[in-house]
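Below is one structure, written out as C-alpha coordinates; comments come after it.
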Amino acid sequence: MNDDSKQQLNIRLKKLALQAQKYDTASKQRREALTRLINAIWISGKISYPANYRYRLHYQDICDEAVQNLFLYICQGDNIEKYNPERGEVITWVNILLNRRFFPEAIPKIVGKERETNLDKSYMENIPSSEPKNSKSLYEQVIEFIEEDPKKLFVKEFIRGHPEANFKAIAKKRYAGMSWQEISVEWGIGISSLHIFFQRSMKKFAPILKECI
Amino acid sequence: MNSQTDMLTYAGPISPVARRKAEEFCSQFSQANKAEQVRLNTLAVLFVNSYLQFMGVETNLAASNSQNILQQMYLDIADLSLKNNACLECRPVLEGENYVYVPPESQSNRIGYVAVQISESSREGKILGFVKEVENEYIPINHFQSLDTFLEELEKLEYQEQSNYTYEITSNLKEVQSKIINLSQWFDNVIDSSWQELSNLFNTTEANLAFATRNAKNNVLSRGKLINLGTNIEKQVILIVTATPENEGEMDVIVEIHPILEETYLFPNLSLSVLDSDGEPVMQAHTRDNNKNIQLEFSNDLDESFSLKLTLGEVSIVENYIT
(Lines give C-alpha, C1' and ligand atoms only; values in the text may rest on other atoms or scores of the structure.)
Protein backbone atom coordinates (compact mmCIF):
# COMPACT_ATOMS: atom_id res chain seq x y z
CA MET A 1 0.00 0.00 0.00
CA ASN A 2 1.54 3.32 -1.00
CA ASP A 3 1.25 6.48 1.03
CA ASP A 4 -1.59 7.79 -1.09
CA SER A 5 -3.90 4.86 -0.63
CA LYS A 6 -2.89 4.64 3.00
CA GLN A 7 -3.95 8.21 3.45
CA GLN A 8 -7.17 7.56 1.60
CA LEU A 9 -7.94 4.66 3.89
CA ASN A 10 -7.29 6.80 6.95
CA ILE A 11 -9.57 9.54 5.67
CA ARG A 12 -12.29 7.04 4.87
CA LEU A 13 -12.11 5.30 8.25
CA LYS A 14 -12.13 8.58 10.08
CA LYS A 15 -15.16 9.75 8.14
CA LEU A 16 -17.02 6.55 8.97
CA ALA A 17 -16.12 6.68 12.65
CA LEU A 18 -17.28 10.29 12.90
CA GLN A 19 -20.44 9.43 11.04
CA ALA A 20 -21.21 6.62 13.46
CA GLN A 21 -20.61 9.00 16.39
CA LYS A 22 -23.17 11.40 15.00
CA TYR A 23 -26.15 9.06 15.14
CA ASP A 24 -28.03 7.42 18.00
CA THR A 25 -27.16 3.93 19.10
CA ALA A 26 -29.36 1.36 17.33
CA SER A 27 -30.30 3.81 14.57
CA LYS A 28 -30.09 2.53 11.04
CA GLN A 29 -27.55 5.21 10.11
CA ARG A 30 -25.24 4.32 12.94
CA ARG A 31 -25.44 0.63 12.16
CA GLU A 32 -24.69 1.33 8.53
CA ALA A 33 -21.67 3.47 9.36
CA LEU A 34 -20.39 0.86 11.83
CA THR A 35 -20.86 -1.93 9.28
CA ARG A 36 -18.92 0.07 6.69
CA LEU A 37 -16.26 0.83 9.28
CA ILE A 38 -15.55 -2.70 10.50
CA ASN A 39 -15.85 -4.06 6.98
CA ALA A 40 -13.29 -1.49 5.75
CA ILE A 41 -10.96 -2.29 8.65
CA TRP A 42 -11.15 -6.01 7.90
CA ILE A 43 -10.58 -5.80 4.17
CA SER A 44 -7.85 -3.15 4.49
CA GLY A 45 -5.38 -5.76 5.67
CA LYS A 46 -4.04 -3.14 8.07
CA ILE A 47 -4.88 -4.98 11.26
CA SER A 48 -1.57 -5.71 12.93
CA TYR A 49 -1.43 -8.66 15.25
CA PRO A 50 1.23 -9.01 17.90
CA ALA A 51 3.78 -11.74 17.27
CA ASN A 52 3.35 -14.70 19.52
CA TYR A 53 5.47 -17.82 19.24
CA ARG A 54 4.31 -19.54 22.33
CA TYR A 55 0.88 -20.30 20.97
CA ARG A 56 1.98 -20.81 17.39
CA LEU A 57 -0.43 -23.69 16.93
CA HIS A 58 -3.43 -21.58 17.82
CA TYR A 59 -2.17 -18.28 16.49
CA GLN A 60 -4.73 -17.92 13.71
CA ASP A 61 -7.61 -18.84 16.02
CA ILE A 62 -6.43 -16.35 18.62
CA CYS A 63 -6.28 -13.61 15.97
CA ASP A 64 -9.79 -14.41 14.71
CA GLU A 65 -11.22 -14.48 18.21
CA ALA A 66 -9.49 -11.20 19.05
CA VAL A 67 -10.88 -9.39 16.01
CA GLN A 68 -14.31 -10.80 16.71
CA ASN A 69 -14.25 -9.24 20.17
CA LEU A 70 -12.63 -6.08 18.91
CA PHE A 71 -15.45 -5.53 16.41
CA LEU A 72 -18.04 -6.23 19.06
CA TYR A 73 -16.36 -3.62 21.25
CA ILE A 74 -16.23 -0.99 18.49
CA CYS A 75 -19.92 -1.42 17.71
CA GLN A 76 -21.28 -1.84 21.21
CA GLY A 77 -22.96 0.91 23.16
CA ASP A 78 -21.18 4.23 22.76
CA ASN A 79 -17.66 2.84 22.48
CA ILE A 80 -17.16 4.43 19.09
CA GLU A 81 -17.37 7.78 20.89
CA LYS A 82 -14.12 6.86 22.62
CA TYR A 83 -12.32 7.33 19.36
CA ASN A 84 -10.83 10.82 19.35
CA PRO A 85 -9.81 11.96 15.84
CA GLU A 86 -7.40 14.50 17.28
CA ARG A 87 -5.31 11.80 18.88
CA GLY A 88 -4.71 9.70 15.79
CA GLU A 89 -5.97 7.53 12.99
CA VAL A 90 -8.75 4.98 13.44
CA ILE A 91 -6.47 2.12 12.47
CA THR A 92 -3.99 3.17 15.18
CA TRP A 93 -6.74 3.26 17.78
CA VAL A 94 -7.97 -0.14 16.61
CA ASN A 95 -4.53 -1.75 16.63
CA ILE A 96 -3.77 -0.44 20.10
CA LEU A 97 -7.03 -1.94 21.38
CA LEU A 98 -6.22 -5.22 19.68
CA ASN A 99 -2.65 -5.45 20.95
CA ARG A 100 -3.22 -4.31 24.50
CA ARG A 101 -6.58 -5.82 25.20
CA PHE A 102 -8.28 -8.13 22.75
CA PHE A 103 -5.35 -10.26 21.65
CA PRO A 104 -4.19 -11.04 25.20
CA GLU A 105 -7.78 -11.68 26.26
CA ALA A 106 -8.31 -14.09 23.40
CA ILE A 107 -5.40 -16.36 24.38
CA PRO A 108 -7.01 -18.04 27.39
CA LYS A 109 -10.30 -18.28 25.54
CA ILE A 110 -8.75 -20.30 22.76
CA VAL A 111 -5.95 -22.15 24.48
CA GLY A 112 -7.70 -22.63 27.79
CA LYS A 113 -10.62 -24.38 26.26
CA GLU A 114 -8.55 -26.74 24.25
CA ARG A 115 -9.26 -29.75 26.44
CA GLU A 116 -12.60 -28.85 27.76
CA THR A 117 -15.73 -29.94 25.99
CA ASN A 118 -16.69 -26.60 24.68
CA LEU A 119 -20.43 -26.74 24.85
CA ASP A 120 -22.52 -23.87 25.99
CA LYS A 121 -25.91 -24.27 27.51
CA SER A 122 -28.01 -23.86 24.40
CA TYR A 123 -25.98 -26.49 22.65
CA MET A 124 -26.50 -28.94 25.47
CA GLU A 125 -30.21 -28.43 25.36
CA ASN A 126 -30.39 -29.18 21.71
CA ILE A 127 -28.22 -32.20 21.74
CA PRO A 128 -29.54 -34.40 24.47
CA SER A 129 -26.44 -36.51 24.83
CA SER A 130 -23.15 -34.98 23.88
CA GLU A 131 -21.28 -38.12 24.75
CA PRO A 132 -22.90 -40.97 22.90
CA LYS A 133 -23.98 -43.82 25.10
CA ASN A 134 -22.59 -46.18 22.54
CA SER A 135 -20.52 -45.92 19.43
CA LYS A 136 -23.48 -45.08 17.24
CA SER A 137 -23.93 -41.51 16.20
CA LEU A 138 -26.99 -39.62 17.27
CA TYR A 139 -28.12 -39.66 13.69
CA GLU A 140 -27.99 -43.44 13.48
CA GLN A 141 -29.83 -43.81 16.76
CA VAL A 142 -32.70 -41.67 15.54
CA ILE A 143 -32.90 -43.50 12.24
CA GLU A 144 -33.03 -46.85 14.01
CA PHE A 145 -35.67 -45.67 16.41
CA ILE A 146 -37.92 -44.40 13.65
CA GLU A 147 -37.33 -47.60 11.67
CA GLU A 148 -38.31 -49.81 14.64
CA ASP A 149 -41.31 -47.62 15.48
CA PRO A 150 -42.26 -49.85 18.43
CA LYS A 151 -45.58 -48.12 19.11
CA LYS A 152 -46.41 -47.64 15.42
CA LEU A 153 -46.57 -43.94 16.12
CA PHE A 154 -44.69 -42.88 13.06
CA VAL A 155 -46.78 -44.76 10.52
CA LYS A 156 -50.01 -43.62 12.11
CA GLU A 157 -49.12 -39.99 11.44
CA PHE A 158 -49.84 -39.41 7.77
CA ILE A 159 -51.11 -36.81 5.34
CA ARG A 160 -54.88 -37.00 5.26
CA GLY A 161 -56.00 -39.45 2.58
CA HIS A 162 -52.44 -40.63 1.96
CA PRO A 163 -51.49 -43.36 4.43
CA GLU A 164 -48.38 -44.08 2.37
CA ALA A 165 -47.19 -40.53 3.08
CA ASN A 166 -46.62 -41.16 6.77
CA PHE A 167 -43.95 -39.65 8.97
CA LYS A 168 -41.78 -42.75 8.92
CA ALA A 169 -41.88 -43.08 5.13
CA ILE A 170 -41.08 -39.40 4.57
CA ALA A 171 -38.26 -39.52 7.10
CA LYS A 172 -36.78 -42.52 5.29
CA LYS A 173 -36.95 -40.81 1.95
CA ARG A 174 -35.41 -37.67 3.35
CA TYR A 175 -32.42 -39.41 4.89
CA ALA A 176 -31.97 -41.36 1.70
CA GLY A 177 -31.34 -37.91 0.26
CA MET A 178 -34.55 -37.47 -1.74
CA SER A 179 -35.65 -33.91 -2.46
CA TRP A 180 -39.17 -32.70 -1.72
CA GLN A 181 -39.65 -32.41 -5.46
CA GLU A 182 -38.85 -36.10 -5.99
CA ILE A 183 -41.13 -37.20 -3.16
CA SER A 184 -43.88 -34.95 -4.50
CA VAL A 185 -43.68 -36.53 -7.94
CA GLU A 186 -43.68 -40.05 -6.54
CA TRP A 187 -46.79 -39.60 -4.42
CA GLY A 188 -48.58 -36.87 -6.31
CA ILE A 189 -48.71 -34.65 -3.23
CA GLY A 190 -47.79 -30.96 -3.32
CA ILE A 191 -44.34 -29.98 -2.06
CA SER A 192 -45.67 -27.54 0.51
CA SER A 193 -48.18 -30.07 1.89
CA LEU A 194 -45.32 -32.51 2.29
CA HIS A 195 -42.83 -30.36 4.13
CA ILE A 196 -45.40 -28.56 6.22
CA PHE A 197 -46.84 -31.89 7.38
CA PHE A 198 -43.34 -33.16 8.06
CA GLN A 199 -42.23 -30.10 9.99
CA ARG A 200 -45.33 -30.27 12.15
CA SER A 201 -44.83 -33.95 12.83
CA MET A 202 -41.20 -33.29 13.73
CA LYS A 203 -42.31 -30.79 16.30
CA LYS A 204 -44.85 -33.24 17.65
CA PHE A 205 -42.40 -36.13 17.89
CA ALA A 206 -39.41 -34.12 19.08
CA PRO A 207 -39.89 -35.06 22.77
CA ILE A 208 -40.20 -38.77 21.93
CA LEU A 209 -37.20 -38.72 19.64
CA LYS A 210 -35.10 -36.89 22.18
CA GLU A 211 -35.97 -39.44 24.78
CA CYS A 212 -34.83 -42.34 22.66
CA ILE A 213 -31.32 -40.95 22.32
CA MET B 1 -29.23 -4.90 -9.98
CA ASN B 2 -26.92 -2.89 -7.77
CA SER B 3 -23.54 -1.63 -8.74
CA GLN B 4 -20.90 -3.49 -6.80
CA THR B 5 -19.35 -0.34 -5.34
CA ASP B 6 -22.54 0.83 -3.64
CA MET B 7 -23.30 -2.52 -2.13
CA LEU B 8 -23.00 -2.60 1.61
CA THR B 9 -21.59 -5.96 2.62
CA TYR B 10 -19.90 -7.16 5.76
CA ALA B 11 -16.80 -9.31 5.71
CA GLY B 12 -15.09 -10.44 8.87
CA PRO B 13 -13.53 -13.36 10.69
CA ILE B 14 -15.58 -16.39 11.58
CA SER B 15 -15.09 -16.96 15.26
CA PRO B 16 -13.21 -20.12 16.24
CA VAL B 17 -16.07 -20.90 18.61
CA ALA B 18 -18.46 -20.97 15.66
CA ARG B 19 -16.11 -23.23 13.71
CA ARG B 20 -15.86 -25.64 16.60
CA LYS B 21 -19.61 -25.75 17.03
CA ALA B 22 -20.11 -26.36 13.32
CA GLU B 23 -17.62 -29.24 13.47
CA GLU B 24 -19.38 -30.76 16.45
CA PHE B 25 -22.73 -30.53 14.77
CA CYS B 26 -21.63 -32.04 11.51
CA SER B 27 -19.66 -34.83 13.18
CA GLN B 28 -23.01 -36.38 14.07
CA PHE B 29 -23.66 -37.20 10.46
CA SER B 30 -22.05 -40.00 8.56
CA GLN B 31 -23.15 -38.97 5.09
CA ALA B 32 -20.58 -36.55 3.76
CA ASN B 33 -22.94 -34.21 1.93
CA LYS B 34 -25.35 -33.97 4.84
CA ALA B 35 -22.47 -33.25 7.21
CA GLU B 36 -21.16 -30.53 4.91
CA GLN B 37 -24.62 -28.99 4.58
CA VAL B 38 -25.01 -28.87 8.35
CA ARG B 39 -21.51 -27.44 8.78
CA LEU B 40 -22.09 -24.62 6.30
CA ASN B 41 -25.57 -23.84 7.60
CA THR B 42 -24.21 -23.62 11.13
CA LEU B 43 -21.34 -21.34 10.11
CA ALA B 44 -23.72 -19.05 8.20
CA VAL B 45 -26.15 -18.79 11.10
CA LEU B 46 -23.43 -18.15 13.67
CA PHE B 47 -21.71 -15.57 11.49
CA VAL B 48 -24.94 -13.61 11.08
CA ASN B 49 -25.64 -14.04 14.78
CA SER B 50 -22.28 -12.38 15.55
CA TYR B 51 -22.97 -9.57 13.12
CA LEU B 52 -26.36 -8.90 14.72
CA GLN B 53 -24.68 -8.93 18.11
CA PHE B 54 -22.31 -6.23 16.86
CA MET B 55 -25.30 -4.23 15.69
CA GLY B 56 -27.03 -4.60 19.02
CA VAL B 57 -29.90 -6.61 17.55
CA GLU B 58 -31.30 -9.19 19.91
CA THR B 59 -31.34 -12.77 18.64
CA ASN B 60 -32.55 -16.03 20.08
CA LEU B 61 -30.07 -18.55 18.77
CA ALA B 62 -31.18 -21.38 21.03
CA ALA B 63 -34.76 -21.17 19.75
CA SER B 64 -33.67 -21.50 16.12
CA ASN B 65 -34.48 -24.73 14.33
CA SER B 66 -31.02 -24.71 12.81
CA GLN B 67 -29.62 -25.34 16.30
CA ASN B 68 -31.71 -28.44 16.70
CA ILE B 69 -29.99 -31.53 15.45
CA LEU B 70 -33.23 -33.41 14.86
CA GLN B 71 -34.40 -30.69 12.52
CA GLN B 72 -31.06 -30.62 10.76
CA MET B 73 -31.26 -34.33 10.08
CA TYR B 74 -34.20 -34.13 7.74
CA LEU B 75 -34.38 -30.51 6.71
CA ASP B 76 -32.00 -28.04 5.18
CA ILE B 77 -32.44 -25.03 7.39
CA ALA B 78 -30.28 -22.09 8.42
CA ASP B 79 -32.74 -20.02 10.39
CA LEU B 80 -31.94 -17.54 13.11
CA SER B 81 -34.69 -16.49 15.51
CA LEU B 82 -34.94 -12.85 16.35
CA LYS B 83 -37.22 -11.25 18.90
CA ASN B 84 -40.98 -11.86 18.76
CA ASN B 85 -40.61 -15.08 16.80
CA ALA B 86 -39.37 -13.27 13.74
CA CYS B 87 -37.09 -15.51 11.81
CA LEU B 88 -34.22 -14.80 9.42
CA GLU B 89 -32.78 -17.35 7.01
CA CYS B 90 -28.98 -17.30 6.61
CA ARG B 91 -28.11 -19.22 3.46
CA PRO B 92 -24.48 -20.24 3.02
CA VAL B 93 -22.79 -19.88 -0.34
CA LEU B 94 -19.27 -20.81 -1.34
CA GLU B 95 -16.78 -18.57 -3.12
CA GLY B 96 -17.28 -18.76 -6.85
CA GLU B 97 -20.91 -19.85 -6.65
CA ASN B 98 -23.39 -17.63 -8.46
CA TYR B 99 -26.58 -18.88 -6.90
CA VAL B 100 -27.88 -19.19 -3.40
CA TYR B 101 -29.97 -22.26 -2.71
CA VAL B 102 -33.13 -21.78 -0.64
CA PRO B 103 -34.93 -25.13 -0.16
CA PRO B 104 -38.75 -25.26 0.04
CA GLU B 105 -38.75 -25.86 3.79
CA SER B 106 -36.97 -22.54 4.32
CA GLN B 107 -39.15 -20.50 2.03
CA SER B 108 -41.88 -19.52 4.44
CA ASN B 109 -42.25 -17.66 7.70
CA ARG B 110 -39.10 -15.68 7.19
CA ILE B 111 -38.67 -11.94 7.45
CA GLY B 112 -35.98 -12.32 4.81
CA TYR B 113 -32.91 -14.12 3.56
CA VAL B 114 -29.27 -13.18 3.82
CA ALA B 115 -26.60 -14.77 1.67
CA VAL B 116 -23.45 -15.62 3.60
CA GLN B 117 -20.29 -16.46 1.73
CA ILE B 118 -18.04 -18.86 3.59
CA SER B 119 -14.38 -18.87 2.56
CA GLU B 120 -12.71 -22.13 1.65
CA SER B 121 -10.72 -22.11 4.88
CA SER B 122 -13.93 -21.40 6.85
CA ARG B 123 -12.07 -18.54 8.49
CA GLU B 124 -13.78 -15.68 6.78
CA GLY B 125 -17.44 -14.93 6.24
CA LYS B 126 -19.09 -12.29 4.13
CA ILE B 127 -22.71 -11.22 4.24
CA LEU B 128 -23.36 -10.51 0.59
CA GLY B 129 -26.85 -9.13 0.75
CA PHE B 130 -30.47 -9.46 1.68
CA VAL B 131 -33.76 -10.26 0.00
CA LYS B 132 -37.14 -10.08 1.61
CA GLU B 133 -38.79 -12.79 -0.42
CA VAL B 134 -37.78 -15.63 -2.61
CA GLU B 135 -39.77 -17.05 -5.46
CA ASN B 136 -37.87 -20.20 -6.15
CA GLU B 137 -35.05 -22.33 -4.89
CA TYR B 138 -32.13 -20.77 -6.73
CA ILE B 139 -31.54 -17.09 -6.20
CA PRO B 140 -28.83 -15.42 -8.27
CA ILE B 141 -26.36 -13.61 -6.03
CA ASN B 142 -26.84 -10.35 -7.93
CA HIS B 143 -30.48 -10.52 -6.91
CA PHE B 144 -29.51 -9.83 -3.31
CA GLN B 145 -29.76 -6.25 -2.20
CA SER B 146 -27.34 -4.13 -0.26
CA LEU B 147 -27.22 -4.68 3.49
CA ASP B 148 -28.78 -1.31 4.21
CA THR B 149 -32.09 -2.83 3.06
CA PHE B 150 -31.54 -5.42 5.77
CA LEU B 151 -30.77 -2.73 8.35
CA GLU B 152 -33.95 -0.93 7.34
CA GLU B 153 -35.92 -4.11 7.77
CA LEU B 154 -34.43 -4.63 11.23
CA GLU B 155 -35.35 -1.12 12.18
CA LYS B 156 -38.94 -1.71 11.09
CA LEU B 157 -39.01 -4.90 13.09
CA GLU B 158 -37.75 -3.17 16.21
CA TYR B 159 -40.23 -0.39 15.69
CA GLN B 160 -43.01 -2.93 15.47
CA GLU B 161 -41.90 -4.41 18.75
CA GLN B 162 -41.96 -1.05 20.45
CA SER B 163 -45.36 -0.03 19.21
CA ASN B 164 -47.66 -2.75 20.28
CA TYR B 165 -50.13 -2.25 17.48
CA THR B 166 -51.65 -4.94 15.38
CA TYR B 167 -49.05 -5.58 12.80
CA GLU B 168 -49.51 -6.86 9.36
CA ILE B 169 -47.29 -9.58 8.11
CA THR B 170 -46.81 -11.08 4.76
CA SER B 171 -48.33 -14.34 3.79
CA ASN B 172 -46.40 -17.35 2.64
CA LEU B 173 -43.66 -16.63 0.12
CA LYS B 174 -44.90 -13.33 -1.18
CA GLU B 175 -45.21 -9.80 -0.05
CA VAL B 176 -48.89 -9.13 -0.38
CA GLN B 177 -49.19 -5.82 1.35
CA SER B 178 -48.04 -3.61 -1.48
CA LYS B 179 -49.18 -5.73 -4.39
CA ILE B 180 -52.71 -5.47 -5.64
CA ILE B 181 -54.11 -8.76 -6.83
CA ASN B 182 -55.86 -8.26 -10.15
CA LEU B 183 -58.58 -10.87 -10.57
CA SER B 184 -59.42 -9.92 -14.16
CA GLN B 185 -55.84 -10.66 -15.10
CA TRP B 186 -56.26 -14.17 -13.75
CA PHE B 187 -58.32 -14.90 -16.84
CA ASP B 188 -55.37 -13.84 -18.99
CA ASN B 189 -53.30 -16.32 -17.02
CA VAL B 190 -51.45 -13.61 -15.12
CA ILE B 191 -51.49 -15.28 -11.74
CA ASP B 192 -48.87 -14.77 -9.12
CA SER B 193 -47.05 -18.00 -8.27
CA SER B 194 -48.11 -17.83 -4.63
CA TRP B 195 -51.60 -18.74 -5.83
CA GLN B 196 -51.79 -22.44 -6.38
CA GLU B 197 -54.13 -24.87 -8.06
CA LEU B 198 -56.49 -26.23 -5.43
CA SER B 199 -55.22 -29.75 -6.03
CA ASN B 200 -51.82 -28.63 -4.72
CA LEU B 201 -53.31 -27.43 -1.48
CA PHE B 202 -55.76 -30.21 -0.84
CA ASN B 203 -55.68 -33.91 -1.18
CA THR B 204 -56.05 -34.43 -4.91
CA THR B 205 -59.01 -36.77 -4.82
CA GLU B 206 -60.91 -34.86 -2.17
CA ALA B 207 -60.27 -31.66 -4.01
CA ASN B 208 -61.68 -33.19 -7.14
CA LEU B 209 -64.88 -34.05 -5.36
CA ALA B 210 -65.28 -30.89 -3.38
CA PHE B 211 -64.39 -28.49 -6.10
CA ALA B 212 -65.66 -30.39 -9.08
CA THR B 213 -68.46 -27.96 -9.71
CA ARG B 214 -66.02 -25.15 -10.14
CA ASN B 215 -64.33 -26.71 -13.08
CA ALA B 216 -67.61 -27.41 -14.79
CA LYS B 217 -67.98 -23.85 -15.99
CA ASN B 218 -65.35 -22.31 -18.22
CA ASN B 219 -65.37 -18.81 -16.86
CA VAL B 220 -64.72 -19.75 -13.28
CA LEU B 221 -61.27 -19.61 -11.77
CA SER B 222 -60.33 -20.78 -8.30
CA ARG B 223 -56.95 -20.39 -6.75
CA GLY B 224 -55.72 -20.82 -3.23
CA LYS B 225 -52.74 -20.03 -1.10
CA LEU B 226 -51.39 -20.51 2.36
CA ILE B 227 -51.73 -17.61 4.74
CA ASN B 228 -49.78 -17.35 7.96
CA LEU B 229 -51.72 -15.80 10.76
CA GLY B 230 -48.68 -15.57 12.93
CA THR B 231 -45.02 -16.01 12.54
CA ASN B 232 -44.94 -19.76 12.59
CA ILE B 233 -46.53 -22.56 10.62
CA GLU B 234 -48.82 -23.46 13.51
CA LYS B 235 -51.15 -20.70 12.39
CA GLN B 236 -51.63 -21.44 8.73
CA VAL B 237 -54.90 -21.44 6.85
CA ILE B 238 -55.79 -21.75 3.20
CA LEU B 239 -57.40 -18.82 1.45
CA ILE B 240 -59.39 -19.64 -1.69
CA VAL B 241 -60.62 -17.00 -4.06
CA THR B 242 -63.05 -17.96 -6.81
CA ALA B 243 -63.75 -15.41 -9.49
CA THR B 244 -66.60 -15.52 -12.03
CA PRO B 245 -66.98 -12.63 -14.45
CA GLU B 246 -70.64 -11.75 -14.90
CA ASN B 247 -72.27 -9.55 -17.46
CA GLU B 248 -72.70 -5.81 -17.01
CA GLY B 249 -69.20 -5.20 -15.84
CA GLU B 250 -69.39 -7.20 -12.66
CA MET B 251 -67.48 -10.05 -11.16
CA ASP B 252 -68.74 -12.55 -8.64
CA VAL B 253 -66.20 -13.33 -5.97
CA ILE B 254 -66.29 -16.13 -3.44
CA VAL B 255 -63.77 -16.05 -0.64
CA GLU B 256 -63.24 -19.10 1.52
CA ILE B 257 -60.98 -19.94 4.40
CA HIS B 258 -60.14 -23.60 4.96
CA PRO B 259 -57.91 -25.35 7.45
CA ILE B 260 -54.71 -26.78 6.02
CA LEU B 261 -54.62 -30.42 5.03
CA GLU B 262 -53.73 -31.86 8.43
CA GLU B 263 -56.42 -30.00 10.33
CA THR B 264 -60.14 -30.57 10.41
CA TYR B 265 -61.30 -27.31 11.92
CA LEU B 266 -60.35 -23.68 11.65
CA PHE B 267 -59.01 -21.78 14.64
CA PRO B 268 -61.85 -20.31 16.72
CA ASN B 269 -62.34 -16.52 16.60
CA LEU B 270 -60.80 -16.18 13.19
CA SER B 271 -62.50 -13.40 11.29
CA LEU B 272 -62.72 -12.67 7.60
CA SER B 273 -63.89 -9.26 6.39
CA VAL B 274 -64.44 -7.73 3.02
CA LEU B 275 -63.57 -4.03 2.94
CA ASP B 276 -64.69 -1.69 0.18
CA SER B 277 -62.37 0.65 -1.72
CA ASP B 278 -62.56 3.12 1.16
CA GLY B 279 -61.50 0.50 3.63
CA GLU B 280 -64.95 0.28 5.18
CA PRO B 281 -66.01 -3.22 6.22
CA VAL B 282 -68.97 -4.44 4.21
CA MET B 283 -69.26 -8.07 5.24
CA GLN B 284 -67.77 -10.26 7.90
CA ALA B 285 -67.67 -13.89 8.92
CA HIS B 286 -65.99 -15.44 11.90
CA THR B 287 -65.34 -18.88 13.27
CA ARG B 288 -66.63 -20.46 16.46
CA ASP B 289 -65.38 -23.66 18.00
CA ASN B 290 -65.85 -26.20 15.26
CA ASN B 291 -65.97 -24.48 11.91
CA LYS B 292 -64.62 -26.40 8.98
CA ASN B 293 -64.56 -23.33 6.80
CA ILE B 294 -65.97 -19.85 6.38
CA GLN B 295 -67.08 -18.18 3.21
CA LEU B 296 -68.21 -14.83 1.87
CA GLU B 297 -69.74 -14.18 -1.51
CA PHE B 298 -70.28 -10.86 -3.23
CA SER B 299 -70.23 -9.04 -6.56
CA ASN B 300 -67.79 -6.33 -7.40
CA ASP B 301 -67.82 -3.78 -10.21
CA LEU B 302 -64.98 -4.24 -12.65
CA ASP B 303 -61.99 -1.95 -11.98
CA GLU B 304 -63.22 -1.45 -8.44
CA SER B 305 -60.91 -2.42 -5.63
CA PHE B 306 -61.68 -4.28 -2.43
CA SER B 307 -59.66 -5.74 0.40
CA LEU B 308 -59.79 -8.90 2.42
CA LYS B 309 -58.87 -8.78 6.05
CA LEU B 310 -58.09 -11.85 8.08
CA THR B 311 -57.73 -11.45 11.80
CA LEU B 312 -56.71 -13.92 14.45
CA GLY B 313 -55.93 -12.53 17.88
CA GLU B 314 -53.29 -9.82 17.55
CA VAL B 315 -52.48 -10.56 13.95
CA SER B 316 -54.24 -9.07 10.95
CA ILE B 317 -53.50 -9.61 7.32
CA VAL B 318 -54.89 -7.36 4.65
CA GLU B 319 -54.81 -8.18 0.98
CA ASN B 320 -55.84 -5.73 -1.71
CA TYR B 321 -57.68 -6.81 -4.82
CA ILE B 322 -59.07 -5.32 -7.96
CA THR B 323 -61.60 -6.97 -10.23
Side-chain angles (χ1 to χ4, degrees), chain A residues 25-28 31-32 34-36 38-39 42-43 60-61 63-65 67-68 71-72 74-77 109-110 118-119 121-123 125-127 130 137-140 142 159-162 170-171 174-175 177 179-181 188-193 195-200 202 206 209-210, chain B residues 8-17 19-21 24-25 27-31 33-34 50-51 53-57 61-62 65 67-71 73-75 103-105 108 123-124 147-148 151-152 154-155 158 172 196 199-206 226 233-234 236 260-262:
Chain A
T25 323
S27 67
K28 191 225 157 197
R31 284 175 177 163
E32 189 180 330
L34 287 171
T35 303
R36 288 191 193 281
I38 56 175
N39 183 63
W42 177 252
I43 60 177
Q60 188 69 52
D61 277 356
C63 292
D64 290 348
E65 177 69 18
V67 174
Q68 176 84 8
F71 283 179
L72 180 62
I74 294 174
C75 298
Q76 243 176 2
K109 282 186 198 164
I110 296 299
N118 179 47
L119 297 167
K121 202 163 154 276
S122 67
Y123 190 70
E125 277 166 8
N126 286 314
I127 299 183
S130 54
S137 79
L138 201 77
Y139 192 54
E140 287 162 335
V142 172
I159 296 180
R160 210 199 302 165
H162 284 278
I170 300 175
R174 284 297 290 177
Y175 70 68
S179 71
W180 294 113
Q181 174 69 40
I189 301 172
I191 291 177
S192 44
S193 300
H195 72 77
I196 290 168
F197 163 80
F198 190 72
Q199 277 174 280
R200 278 164 178 270
M202 284 281 284
L209 292 173
K210 274 186 185 171
Chain B
L8 176 61
T9 55
Y10 165 66
I14 292 177
S15 94
V17 179
R19 273 199 296 274
R20 213 173 296 165
K21 200 161 168 179
E24 300 225 22
F25 259 147
S27 68
Q28 296 289 336
F29 300 94
S30 48
Q31 298 134 302
N33 47 2
K34 186 72 200 176
S50 289
Y51 172 69
Q53 245 177 10
F54 297 168
M55 293 298 116
V57 176
L61 185 63
N65 284 330
Q67 299 302 297
N68 182 325
I69 201 150
L70 288 171
Q71 300 270 345
M73 278 178 66
Y74 296 106
L75 304 169
E105 62 265 42
S108 51
R123 291 199 171 270
E124 188 187 38
L147 271 191
D148 37 307
L151 294 175
E152 250 164 54
L154 289 173
E155 200 176 43
E158 286 171 335
N172 201 23
Q196 300 180 45
S199 55
N200 287 338
L201 292 161
F202 294 91
N203 179 309
T204 324
T205 46
E206 273 179 31
L226 291 168
I233 53 171
E234 304 293 343
Q236 273 181 333
I260 57 160
L261 202 50
E262 301 77 35

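Chain letters run A, B, ... following the sequence lines, proteins first and then strands; every chain starts at 1. Only a predicted model underlies this, so the values are computations on that prediction, with no experimental measurement involved.
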Taking all heavy atoms of [X] and all of [Y], pick out the closest pair and write down the distance.
| X | Y | value |
| --- | --- | --- |
| S50(B) | Q68(A) | OG-NE2, 2.7 Å |
| E140(A) | S30(B) | OE2-OG, 4.4 Å |
| M55(B) | L34(A) | CE-CB, 4.1 Å |

Gap separating the [atom1] atom of [X] from the [atom2] atom of [Y], nearest 0.5 angstrom:
| X | Y | atom1 | atom2 | answer |
| --- | --- | --- | --- | --- |
| M202(A) | E105(B) | CE | CD | 10.5 Å |
| L8(B) | R31(A) | CG | CZ | 13.0 Å |
| Y175(A) | K34(B) | OH | NZ | 13.5 Å |
| T9(B) | I43(A) | OG1 | CD1 | 7.0 Å |
| Y51(B) | N39(A) | OH | CG | 9.0 Å |
| R174(A) | L75(B) | CZ | CG | 6.0 Å |

Among L226(B), L201(B), L261(B), which residue satisfies the side chain to side chain contact (heavy atoms under 4.5 Å, CB included) criterion with S193(A)?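 With S193(A) as partner, L226(B), L201(B), L261(B) yield a single side chain to side chain contact (heavy atoms under 4.5 Å, CB included), made by L261(B).
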
Which atoms of Q181(A) approach chain B - backbone, side chain, both or neither, heavy atom under 4.5 Å: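 Contact with chain B involves no heavy atom of Q181(A) at all.
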
With chain B, which of V67(A), I38(A), I74(A) has the greatest number of heavy-atom pairs at distances under 4.5 Å?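 Sorted descending by pairs with chain B, the first entry is I38(A).
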
Counting heavy-atom pairs closer than 4.5 Å to chain B, which one of G190(A), C75(A), G177(A), A26(A) comes out on top?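 The candidate making the most pairs under 4.5 Å is C75(A).
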
Side chain proximity check, [X] to [Y], heavy atoms < 4.5 angstrom:
| X | Y | result |
| --- | --- | --- |
| Q196(B) | S192(A) | yes |
| I170(A) | Y74(B) | no |
| V142(A) | Q28(B) | no |
| E124(B) | W42(A) | yes |

Do the charged groups of D61(A) and R123(B) touch, with an N to O distance under 4.0 Å?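 R123(B) and D61(A): salt-bridged.
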
